[in-house]
Amino acid sequence: MPQTIIIYKGKYGATRQYADWLGEAIQQPVTPVQNVTKDQLHTADFILLGSSVYIGKLLISEWIRRNAQLLKNKKLLLFVVCGNGSPKEQERIIKHSIPDGLIDRSDIFFLPGRLIFSKLSWKDKLLLKIGAMKAKNPETRKRMLQDVDNVQPELLTPLVNKMSVLHAAHSSAPTGI
Ligand SMILES: Cc1cc2nc3c(=O)[nH]c(=O)nc-3n(C[C@H](O)[C@H](O)[C@H](O)COP(=O)(O)O)c2cc1C
């Protein structure tokens, strides 16, 4: 069985929820990014990264940059938890957060997140209010401050299927003598 690890970074629980569901679905360990050891990274065949997005950037992006040398020799997959699903915004997030060529675009999965305004820190409330004030479209402005919860386990199906294919291919590959 190949070694797989799910590593995540989120703030209010949406990313952790997806990471936990994924861990159950593929029966693999789940670790918050601050607890990952170099040893775990070295021994993993597949690394599944999960992160939410704040102000256009992945929360996990600094960690990815710091560990890029080690990560570039691994098979990486990424799930991104965010509020904005537009393809243009998605490409912008990837460009700002991940070194070029580190993760194949087909291995990046976008998942809709959760935002409950009353649960945010004062700083995040303020950032959202400033962002909403800057939005030109009144509909966008309203939407940015509305509660939303689109976190659902079924949305992980494409990623779970991809992992099954990768695990099966790895297990049937010749190992040499
Ligand atoms: C202050 C703030 C900034 C955000 N910025 C973005 C953003 O730039 N793009 C986006 O798609 N979602 C943005 N979001 C939405 C979060 O990515 C979304 O709520 C996500 O589910 C949070 O997941 P977490 O609880 O795991 O951190 C923002 C949310 C907050 C509170």
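As the structure lists them, so they are numbered: ligands from 1, and atoms in each ligand from 1. When reading the values below, keep in mind they use all heavy atoms of this one structure, side chains included, and skip hydrogens, waters and symmetry mates.
Nearest to atom 10 (C) of ligand 1 among the protein's heavy atoms is Gly83 N, 3.5 Å. Counting protein heavy atoms only, atom 2 (C) of ligand 1 is closest to Tyr54 CD2, 3.5 Å. Taking atom 5 (N) of ligand 1 as the reference point, the nearest protein heavy-atom neighbour is Ile55 N, 3.0 Å. Of the protein's non-hydrogen atoms, Arg114 N, 2.9 Å is the one closest to atom 21 (O) of ligand 1. Scanning all protein heavy atoms for the shortest distance to atom 11 (O) of ligand 1 gives Asn84 N, 2.8 Å. Of all protein heavy atoms, the one closest to atom 25 (O) of ligand 1 is Tyr12 N, 2.9 Å. Regarding atom 9 (N) of ligand 1, its nearest protein heavy-atom neighbour is Val53 CG1, 3.6 Å. The protein non-hydrogen atom at the shortest distance from atom 1 (C) of ligand 1 is Asp124 O, 3.6 Å.
Counting heavy atoms from C-beta on, the side chains of Asp20 and Arg16 come closer than 4.5 Å. Contact check for Thr37 versus Leu41: no side-chain heavy atoms found under the 4.5 Å cut-off.
Interface of Gly13 with ligand 1, defined as ligand atoms under 4.0 Å from a residue heavy atom, comprises 25 (O). Near Gly56, the atoms of ligand 1 lying under 4.0 angstrom from a non-hydrogen atom of the residue are 7 (C), 8 (O). Less than 4.0 angstrom separates some heavy atom of Ser52 from each of these atoms of ligand 1: 22 (C), 23 (O), 24 (P), 26 (O), 27 (O). For ligand 1, the atoms lying closer than 4.0 Å to a non-hydrogen atom of Val81 are 17 (O), 21 (O). Ligand 1 places these atoms under 4.0 Å from at least one heavy atom of Leu115: 19 (O), 29 (C). The contact set between ligand 1 and Leu120, taken as ligand atoms under 4.0 Å from a residue heavy atom, comprises 31 (C). Every atom of ligand 1 is numbered from 1 in the order shown, and the set under 4.0 Å from a heavy atom of Gly10 is 26 (O), 27 (O).
For Val151, no heavy-atom contact with ligand 1 is shorter than 4.0 Å.
Minimum heavy-atom separation, Gly50 to Thr15: C-CG2, 3.7 Å. Smallest separation of non-hydrogen atoms from Leu120 and Lys125: O-CE, 3.5 Å. Annotation for Gln90 and Arg105: closest pair OE1-NH2, 3.7 Å, computed over non-hydrogen atoms.
For the atom pair CZ (Phe110) and CD (Glu89), the distance works out to 8.5 Å, reported to the nearest 0.5 Å. Note that the CG atom of Leu76 and the CD1 atom of Ile7 stand 9.0 Å from one another [nearest 0.5 Å].
Polar contact with ligand 1: absent for Gly113 (N/O pair, distance under 3.5 Å). Where the criterion is an N or O separation shorter than 3.5 Å, residue side chain and backbone included, Cys82 fails it with respect to ligand 1. Polar contact check, Thr15 against ligand 1: a nitrogen or oxygen pair lies under 3.5 Å apart. Residue contacts with ligand 1: Ala14 is placed with a nitrogen or oxygen under 3.5 Å of a nitrogen or oxygen of the ligand (distance criterion only).
Ion pair Lys75/Asp45 not flagged as a salt bridge, since none of the NZ, NE, NH1 or NH2 atoms sits closer than 4.0 Å to an Asp/Glu carboxylate oxygen.
If you check the side chains of Tyr54 and Asp124, you find no donor sitting under 3.5 Å from an acceptor. Counting only N and O atoms by type, the side chains of His167 and Thr4 include a donor and acceptor under 3.5 Å apart.
Under a hydrophobic clustering in which Ile, Leu, Val, Met, Phe, Trp and Tyr are joined whenever their side-chain heavy atoms come within less than 4.5 Å, directly or via other members, Ile60 and Leu111 fall into different clusters.
Residue Gln146 places its CD atom among more than 12 non-hydrogen atoms of other residues, nucleotides or ligands, all under 6.0 Å distant.
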